[in-house]
Amino acid sequence: MSAKYFHLTVKEVIDETPDTKTFTFWHPIHQAVSYKAGQFLTLIPVINGKKERRSYSMSSSPNRDASIAITVKRVPNGLVSNFLCDNLKVGDAIEVMEPMGHFIIEPNPRQARTIVLVGGGSGITPLLSIAKSVLPVETQSKVYLIYGSRNEENIIFKKQLEALESEFAGRFRVLHVLSQPSYTWTGYKTRINQASVVTFLKQDFALDIAKAEYYLCGPAGMMEQVEAAIKIFGVTPAQIHQEHFFASHDEKAMEEEEETSSLKEQTVTIQYEGEDYQVLVKPHETILEAALRDDIDLPYSCQAGMCTACLGKCTSGKVRMDEEDGLTDNEIKQGYILTCVAHPLSSGVVIEIE
Ligand SMILES: Cc1cc2nc3c(=O)[nH]c(=O)nc-3n(C[C@H](O)[C@H](O)[C@H](O)COP(=O)(O)OP(=O)(O)OC[C@H]3O[C@@H](n4cnc5c(N)ncnc54)[C@H](O)[C@@H]3O)c2cc1C
Ligand code: FES
């Protein structure tokens, strides 16, 4: 299926915190946007005459909320997050790519499970969607949220989370963890790390760590520490779901510089929507960059190996990826690649894009 593009009109703009806004959208007139809890939209605003793309997870729930919503936190000097927060207003239309992503949950009324959500900063958005979607449907399941913020005024969705806690009393619990709270804060003053997360799970929530399903979304360091902690208790990779919002660009740039020296110019065949395209990929380019340079309209969003919008399958030749975290080991074994971080390592590379 090729990527679908359409426009959404802003219905409402809500100030969540001093640097975070929620934008709700009207569904298009002819067809409601269908999505799963945890998925993201790719927004394509035109800034200084150029189309930019950024991914934003839905903070709304497909089965509970009438409107689709995204929640954007300003990144210092960030191009798109500040543009959206400063300019996008009620009645504006913005181009988007259809919802995508594998950080999803499909609520099932027959399930009786324990779901642990761990988030930091803007990483709360898909977690809120997941909580709102699961709680009303899975009446036997329990959901626990550990949410890290800088201080009280930076807690996104504080009131919404409190309202959900009272609506689903006994089945939804939230633990706020602040790194720099005010002196009046009586809760935890720490970061979510390998040691503290075990305390939260065992002492605050009294959970059997090995038996829960985990959804993690926040800074990469936080997710690594949580993963390391719960694995010690026997949690398997299949129980852990992660969404990365940001790549460590500096680290990535350094690695790429070292590694491009071993790459050669190669011609790659891309099979997309029934056509075969021959693309010359230069050593410093990814396969996606080379295809876009040749005006081949391949699907993509984050361009950092995180969102999987650019998924393809290598059916011939050898390919190397700068970043493999976006795919499971099984997907990599089957030949799946992310074109935005992939380089051809041999001649005769063929990539199939669905
Ligand atoms: C699947 C997915 C879902 C996402 N969902 C959301 C969401 O729901 N809400 C949301 O606010 N964002 C979300 N993001 C992040 C979002 O797509 C943008 O990356 C973010 O808004 C920054 O874009 P920008 O154009 O403002 O910054 P850019 O102009 O792209 O970046 C400016 C500089 O800041 C650095 N930078 C970017 N982010 C950070 C950070 N957090 N901390 C420190 N440095 C940073 C960049 O490396 C760059 O050097 C998501 C990303 C992905 C991949
Ligand atoms: S565009 Fe997001 S993983 Fe490639």
Side-chain angles (χ1 to χ4, degrees), residues 3 16-17 19-23 35-45 47-48 50-60 68-88 96-97 99-104 119-130 148-150 154 156-157 215-223 241-253 286-289 291-292 298-312 321-327 331 336-343 351 353:
E16 300 286 357
T17 70
D19 66 358
T20 305
K21 291 187 182 189
T22 290
F23 300 90
Y35 64 98
K36 295 188 174 124
Q39 282 194 310
F40 63 88
L41 271 181
T42 301
L43 267 67
I44 313 179
I47 306 178
N48 302 324
K50 189 170 170 271
K51 281 189 176 187
E52 304 288 344
R53 291 189 188 214
R54 297 289 186 280
S55 324
Y56 293 98
S57 301
M58 257 77 69
S59 49
S60 51
I68 315 153
I70 59 158
T71 301
V72 181
K73 182 173 164 71
R74 290 178 190 268
V75 164
N77 304 316
L79 181 65
V80 175
S81 58
N82 289 295
F83 175 86
L84 296 174
C85 289
D86 290 336
N87 296 287
L88 197 61
V96 301
M97 198 161 80
M100 290 184 170
H102 304 292
F103 184 68
I104 52 170
S122 58
I124 186 68
T125 50
L127 303 182
L128 176 68
S129 176
I130 288 172
S149 306
R150 193 165 60 243
N154 277 286
I156 307 170
F157 306 130
Y215 286 80
L216 320 178
C217 186
M222 181 206 86
M223 293 199 284
H241 311 264
Q242 302 195 40
E243 184 79 305
H244 289 263
F245 278 7
F246 306 107
S248 165
H249 287 254
D250 293 344
E251 268 175 38
K252 233 178 110 196
T286 63
I287 295 174
L288 177 69
E289 283 166 344
L292 295 178
L298 296 185
Y300 69 95
S301 180
C302 73
Q303 289 182 270
M306 295 178 291
C307 75
T308 71
C310 64
L311 187 74
M321 288 196 284
D322 298 326
E323 171 65 64
E324 295 190 335
D325 284 355
L327 295 178
E331 286 168 330
Y336 285 103
I337 60 143
L338 298 170
T339 60
C340 71
V341 287
H343 307 270
I351 309 289
I353 312 265

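When a ligand or atom number is given, it counts from 1 through the structure's own listing order.
Ligand 1 places these atoms under 4.0 Å from at least one heavy atom of His244: 52 (C), 53 (C). Ligand-side atoms of ligand 2 in range of Cys310: 1 (S), 3 (S), 4 (Fe), range being under 4.0 angstrom from any heavy atom. Close contacts of ligand 2 with Gln303, meaning ligand atoms under 4.0 Å from a residue heavy atom, involve 1 (S), 2 (Fe). Atoms of ligand 1 lying under 4.0 Å from any heavy atom of Glu243, numbered from 1 in the order shown and given with element: 1 (C). Every atom of ligand 2 with a heavy atom of Met306 under 4.0 Å away is listed here by number and element: 3 (S). For ligand 1, the atoms closer than 4.0 angstrom to any heavy atom of Val72 are 11 (O). Close contacts of ligand 2 with Gly305, meaning ligand atoms under 4.0 Å from a residue heavy atom, involve 3 (S). Listed by number with element, the atoms of ligand 1 under 4.0 Å from a non-hydrogen atom of Gly78 are 24 (P), 26 (O), 27 (O), 28 (P), 29 (O), 32 (C). For ligand 1 and Arg54, the ligand atoms under 4.0 Å from any heavy atom of the residue are 17 (O), 18 (C), 23 (O), 24 (P), 25 (O), 28 (P), 29 (O), 30 (O). When each atom of ligand 1 is checked for a heavy atom of Thr125 under 4.0 Å away, the hits are 7 (C), 8 (O).
Separation of atoms CD1 (Ile156) and OG1 (Thr20) is listed at 4.0 Å; rounding is to 0.5 Å. One distance of note links CG of Leu292 with CD1 of Ile287; it measures 12.0 Å at 0.5 Å rounding. Separating the CG atom in Leu43 from the CZ atom in Arg54 is a distance of 11.0 Å, to the nearest 0.5 Å. Here Thr42 contributes atom OG1 and Glu52 contributes atom CD; the two are 13.0 Å apart, rounded to the nearest 0.5 Å. Taken to the nearest 0.5 Å, the CG atom of Leu298 stands 6.0 Å off from the CG atom of Leu288. In this structure, CD1 in Ile47 is found 8.0 Å from CG in Asn87, a value given to the nearest 0.5 Å.
Both the backbone and the side chain of Val80 come within 4.0 Å of ligand 1, counting heavy atoms alone. At a heavy-atom cutoff of 4.0 Å, ligand 2 is contacted by no atom of Leu311, backbone or side chain. The proximity of Ser301 to ligand 2, defined as any non-hydrogen pair under 4.0 Å, is limited to the backbone. Of the heavy atoms in Phe40, only side-chain atoms (C-beta onward) come closer than 4.0 Å to ligand 1. If you look at Phe246 next to ligand 1, the close heavy atoms, those under 4.0 Å, all belong to the side chain. Of the heavy atoms in Ile70, none comes closer than 4.0 Å to ligand 1.
Side chains of Phe245 and Met306 form no contact here, defined as non-hydrogen atoms less than 4.5 Å apart. Between Ser81 and Tyr56 there is a side-chain heavy-atom pair separated by less than 4.5 Å. You'll find the side chain of Gln303 stays beyond 4.5 Å of the side chain of Thr286, heavy atoms only. Using a 4.5 Å heavy-atom threshold, the side chains of Ser301 and Met97 count as touching. Inter-residue side-chain proximity for Leu311 and Leu338 is flagged as met; some heavy-atom pair is nearer than 4.5 Å. Side-chain contact between Phe246 and Ser122 is present, with heavy atoms from C-beta onward closer than 4.5 Å. Residues Lys21 and Thr71 fail the side-chain proximity criterion, which asks for heavy atoms closer than 4.5 Å.
Cys302 lies apart from atom 4 (Fe) of ligand 2 in this respect, since none of its N, O or S atoms is found at a distance under 2.8 Å. Residue Cys307: an N/O/S atom is found under 2.8 Å from atom 2 (Fe) of ligand 2.
At a 3.5 angstrom cut-off on N or O pairs, Thr71 counts as close to ligand 1. Between Ser81 and ligand 1, an N or O atom pair is found at a separation short of 3.5 Å. Remark: ligand 1 and Phe245 share no N or O pair separated by less than 3.5 Å (distance only, no angle test).
Aromatic ring centroids of His241 and Tyr215 lie under 6.0 Å apart.
Scanning Ser55, Ala304, Ser301 for the heavy atom closest to atom 17 (O) of ligand 1 points to Ser55. The residue among Val75, Leu84, Ile156, Thr42 with a heavy atom at the shortest distance from atom 36 (N) of ligand 1 is Val75. In this structure, of Gln39, Met100, Lys73, Arg53, the residue bringing a heavy atom nearest to atom 11 (O) of ligand 1 is Lys73.
Under a 4.0 Å heavy-atom criterion, Gly326 is not in contact with ligand 2.
In this structure, the protein non-hydrogen atom closest to atom 3 (S) of ligand 2 is Thr308 N, 3.2 Å.
No side-chain donor from either of Thr308 and Tyr336 sits under 3.5 Å from a side-chain acceptor of the other.
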